[in-house]
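Have a look at the structure below, then the notes.
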Amino acid sequence: MDTRTKEAVRYLGYGKHAVDDSTLALIGEAFEELDRLAARRIVYRIFDLTVKEPDCIEIGKLCIRSRSLGRNMKGCEKAVLLGATLGIEIDMYMRKLSITNMAKAVVVQSCAAALLEEYLDGCQLAIEQEAGGRGLYLRPRFSPGYGDFSIEHQEEIVRMLDAAKAIGLSVTGSSMLTPSKSVTAVIGLSRTKEPCHRKGCEECGMADCPYRR
């Protein structure tokens, strides 16, 4: 089972239970369709970062009150703000499936989430190289909605990135992203190399990690 399939299975909530062959076949089919439909796009910028208090940081002109984010950003001097999307075509496809084939719609939702994470992990390699040229190292990716990092900050991040114009990413009145298979995130940049920078806390068993959400 490859990494993207394992992620899709995790999103489907199988846990340690075995996955039947018909579900695995449906997952494979879903990824084929998503790869054909997805319009992967990303925009990111690097800003100066200042930790004002343990629960207050400034990224450019964006002020965020979050103790969990502040802990993640401790020791950082810059931060990446990013927005990424799989495109509106995925939303249209999932909307159609929700009417015609609900079982498949559930699988496609999970596969799309896994595909977005896979895309972000790949993009971070480019960001890592750019940061490395400045002698900086990446901290774990951190998105609004994690811990006490308010989801309401998505609107400010999208605006600072001019993401609507750059990649067609916007925010609803309830702070949800559209297209739905999209994400905004913050990545701290520090002079100190940390062992975990690509996968989030959900993938890590280090309960005592100082950067854990």
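- No side-chain donor-acceptor contact under 3.5 Å links D48 to the backbone of G60.
- No side-chain donor from either of S190 and T192 sits under 3.5 Å from a side-chain acceptor of the other.
- Here the closest heavy-atom approach between residue T85 and residue Y119 is recorded as O-CE2, 4.4 Å.
- Checked by atom type and distance alone, the side chain of S98 never pairs as donor or acceptor with a backbone atom of M102 at under 3.5 Å.
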Going through the checks in order, is the side-chain contact (heavy atoms from CB on, under 4.5 Å) test met by L189 and R134? CA-CA 10 Å; L189 300 176; R134 305 185 186 191; over 6 Å; no

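- Using a 4.0 Å cut-off between a side-chain N of Lys or Arg and a carboxylate O of Asp or Glu, D91 and K96 do not qualify as a salt bridge.
- The local environment of CD in E155 is sparse, with at most 12 non-hydrogen atoms from other residues, nucleotides or ligands closer than 6.0 Å.
- Side-chain atoms of Q109 and V106, non-hydrogen and from C-beta on, never get closer than 4.5 Å to each other.
- Residue D2 places its CG atom among more than 12 non-hydrogen atoms of other residues, nucleotides or ligands, all under 6.0 Å distant.
- For R45, the CZ atom sits in a loose shell: 12 or fewer heavy atoms of surrounding residues, nucleotides or ligands are nearer than 6.0 Å.
- To the nearest 0.5 angstrom, L136 atom CG is 7.5 Å from I46 atom CD1.
- Nearest heavy atom pair, residue P179 against residue G168, reads CD-O, 3.6 Å.
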Pair T3, E118 - check side-chain contact (heavy atoms from CB on, under 4.5 Å), show working. CA-CA 9 Å; T3 302; E118 178 185 70; over 6 Å; no

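- Distance alone, capped at 3.5 Å, places no donor-acceptor pair between the R10 side chain and the A114 backbone.
- By the criterion of side-chain heavy atoms lying less than 4.5 angstrom apart, applied directly or through intervening Ile, Leu, Val, Met, Phe, Trp or Tyr residues, V9 is not grouped with Y11; the two fall into different hydrophobic clusters.
- Between T184 and L81, the closest side-chain pair of non-hydrogen atoms is not below 4.5 Å.
- For the pair R4 and L115, the minimum side-chain heavy-atom distance is below 4.5 Å.
- In this structure, SG on C111 lies 10.0 Å from CG on D35, to the nearest 0.5 angstrom.
- Separating the OG1 atom in T23 from the CG atom in D20 is a distance of 3.5 Å, to the nearest 0.5 Å.
- In terms of heavy atoms, G83 sits closest to I167 at O-CD1, 3.4 Å.
- Under the 4.5 Å side-chain heavy-atom criterion for Ile, Leu, Val, Met, Phe, Trp and Tyr, F47 and L69 are members of the same hydrophobic cluster.
- The line from CD1 of I157 to CG of L82 is 8.5 Å long, rounded to the nearest 0.5 Å.
- In this structure, R191 is not positioned above the aromatic face of Y137 in the sense of NZ or CZ being under 6.0 Å from the six-membered ring centre and within 45° of the axis.
- When side chains are defined from C-beta on, V108 does not count as touching F31, because their heavy atoms never get closer than 4.5 Å.
- Under the 4.5 Å side-chain criterion, counting only non-hydrogen atoms from C-beta, V171 is not in contact with T178.
- A heavy-atom distance below 4.5 Å is found between the side chains of F149 and I64.
- Salt bridge annotation for E33-K104: present, with a cationic side-chain nitrogen under 4.0 angstrom from a carboxylate oxygen.
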Show, in sequence, the C-alpha distance, side-chain angles and deciding distance for S175 and E152, and conclude whether the side-chain hydrogen bond (donor to acceptor under 3.5 Å, both in side chains) test is met. CA-CA 5 Å; S175 299; E152 294 180 359; 5.4 Å; no

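- In this structure, N72 and V186 have side chains that are not in contact, with every pair of non-hydrogen atoms separated by 4.5 Å or more.
- Panel note: side chain T50, backbone K52; no donor-acceptor pair is recorded below 3.5 Å.
- Considering CD1 of I57 and SG of C63, their distance stands at 8.5 Å, rounded to 0.5 Å.
- Note on F142 and M160: same hydrophobic cluster, where clusters join Ile, Leu, Val, Met, Phe, Trp and Tyr whose side-chain heavy atoms are under 4.5 Å apart, directly or indirectly.
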side-chain contact (heavy atoms from CB on, under 4.5 Å) between L177 and T172, worked out: CA-CA 6 Å; L177 296 173; T172 68; over 6 Å; no

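- Linking ILVMFWY side-chain heavy atoms closer than 4.5 Å, directly or via other members, places M73 and I151 in two distinct hydrophobic clusters.
- Across every non-hydrogen atom of I90 and A112, the tightest pair is CG2-CB, 4.2 Å.
- Of all heavy-atom pairs spanning L169 and V183, the tightest one is CD2-O, 4.3 Å.
- Here R67 does not pair with D148 in a salt bridge; the nearest charged N to carboxylate O distance is not below 4.0 Å.
- There is no path of hydrophobic side-chain contacts, each under 4.5 Å, that joins L86 to M92.
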Evaluation steps, side-chain contact (heavy atoms from CB on, under 4.5 Å), between V80 and Q124: CA-CA 10 Å; V80 178; Q124 277 192 211; over 6 Å; no

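- You'll find the side chain of E117 reaches within 4.5 Å of the side chain of R141, heavy atoms only.
- A donor-acceptor contact under 3.5 angstrom links the side chains of Y44 and E130, judged on distance only.
- To the nearest 0.5 Å, atom CG of residue L37 and atom CE of residue M94 are 10.5 Å apart.
- Nearest heavy atoms, E53 versus V51: O-CG1, 3.4 Å.
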